[in-house]
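Comments concern the structure below.
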Amino acid sequence: MDARINRRLLRTHPLLALIPAFTLRRLMARAELQEFPKGRVVYRHAEPCEAVYLVISGRCEGRLPGGEPEMVYGPGEALGARELLPNEP
């Protein structure tokens, strides 16, 4: 994927839009593009999460511990940010 597209996509997320350009470039250098098949568990709520997952295409369902749907994430939205930044609303 073209770095310009990555930067533009990362800037669509409110949390990442506030990061200075230099820091965003460092973040992009460490980022990995991953594809997950339908039904794959990326991480479980309330378990340690070591990454923030930004949805580029498709959708991802967030589910509560009992399995009930909590939220649907689409392109430009991030999963795992709350677990990495626990003091954020």
Nearest non-hydrogen partners of Ser57 and Pro75, listed with the distance =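 Looks like CA-CG, 4.1 Å.
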key: Minimal non-hydrogen separation, Gly74 against Val55, with atom names   =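 Nearest pair, atom of Gly74 first, then Val55: O-CB, 3.3 Å.
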key: Single-linkage hydrophobic cluster Val72~Leu79, side-chain heavy atoms < 4.5 angstrom   =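 Shared cluster, no.
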query = Can you hop from Met71 to Tyr53 via hydrophobic side chains spaced under 4.5 Å?
reply =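 Same cluster.
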Only pairs under 3.5 Å count here: list side-chain donor-acceptor contacts from residues 18-29, not counting sequence neighbours, and write none if there are none.
none

Residues 31-41 side chain polar contacts: donor-acceptor under 3.5 Å, at least two apart:
residue, atom, partner, partner atom, Å
Glu32, OE1, Gln34, NE2, 3.4

Atom CZ of Arg63 with >12 non-hydrogen neighbours under 6.0 angstrom =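 It does: Arg63 CZ has more than 12 such atoms within range.
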